[in-house]
Amino acid sequence: MKAPNQRSTTTGSGATYRSAAYTSLLPWQVRERRFPPVGLGRRGLNPDDVYAFLDRVAVDMAAVYAALAESRRETARIKDGLRRWQTEQARARNERDQAQ
């Protein structure tokens, strides 16, 4: 797990920068994560462990949402290009039909 002071940053392009040593969490890692109890007569979990893990989950979720947004933008660009191409093809077909 990364230390709390090793936060990821977002670049100007919206991509999340991480060190090469950082590996994204997998769903099973989130589901199976267990925190050791706090010792010395205290009850509960170590807040530093919990907050560090939550920070890591939040960073990974932000990366997933950014990738999803980029995918949607790319899909919109492809659809727009396809519509323009179809319009051009229909116009060319109409011009051929009218010329005959």
Side-chain angles (χ1 to χ4, degrees):
M1 183 181 329
K2 70 180 183 173
N5 63 352
Q6 294 177 327
R7 294 179 188 260
S8 299
T9 58
T10 302
T11 63
S13 66
T16 302
Y17 168 77
R18 298 181 187 145
S19 72
Y22 183 87
T23 57
S24 295
L25 287 169
L26 300 172
W28 69 267
Q29 291 172 308
V30 175
R31 283 188 207 102
E32 294 182 6
R33 175 70 176 165
R34 299 294 176 260
F35 299 97
V38 177
L40 301 174
R42 292 176 44 200
R43 293 176 48 164
L45 304 173
N46 183 344
D48 291 337
D49 288 344
V50 174
Y51 289 129
F53 184 75
L54 290 175
D55 184 47
R56 186 172 175 187
V57 170
V59 167
D60 285 350
M61 287 180 68
V64 167
Y65 280 107
L68 179 60
E70 177 58 30
S71 175
R72 287 179 174 160
R73 285 190 294 272
E74 183 178 354
T75 299
R77 285 192 300 270
I78 291 169
K79 284 181 178 181
D80 187 49
L82 178 59
R83 283 186 197 108
R84 283 194 311 268
W85 181 83
Q86 287 173 327
T87 300
E88 291 169 7
Q89 295 300 309
R91 283 185 189 142
R93 188 176 334 116
N94 287 341
E95 289 173 5
R96 280 193 312 268
D97 291 346
Q98 289 176 357
Q100 291 179 353

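- In this structure, Arg72 has no salt bridge (Lys or Arg N to Asp or Glu O under 4.0 Å) partners at least two apart in sequence or on a different chain.
- There is a path of hydrophobic side-chain contacts, each under 4.5 Å, that joins Tyr65 to Val30.
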side-chain contact (heavy atoms from CB on, under 4.5 Å) between Phe53 and Asp49, worked out: CA-CA 6 Å; Phe53 184 75; Asp49 288 344; over 6 Å; no
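- Remark: Glu74 CD to Lys79 NZ distance equals 12.5 Å, nearest 0.5 Å.
- In the hydrophobic clustering of this structure, Leu68 does not group with Met61; members are Ile, Leu, Val, Met, Phe, Trp, Tyr whose side-chain heavy atoms approach within less than 4.5 Å, directly or through other members.
- Here the side chain of Thr75 pairs a donor or acceptor atom with the backbone of Ser71 at under 3.5 angstrom.
- Within the structure, salt bridge (Lys or Arg N to Asp or Glu O under 4.0 Å) pairs that include any residue of residues 21-32 do not occur (at least two apart or interchain).
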Ignoring hydrogens and angles, write down the donor-acceptor pairs under 3.5 Å from the side chains of residues 80-97, residues two or more places apart or on other chains.
unit_1, atom_1, unit_2, atom_2, d
Asp80, OD2, Arg84, NH1, 2.4
Thr87, OG1, Arg83, O, 2.9
Asn94, ND2, Ala90, O, 3.4

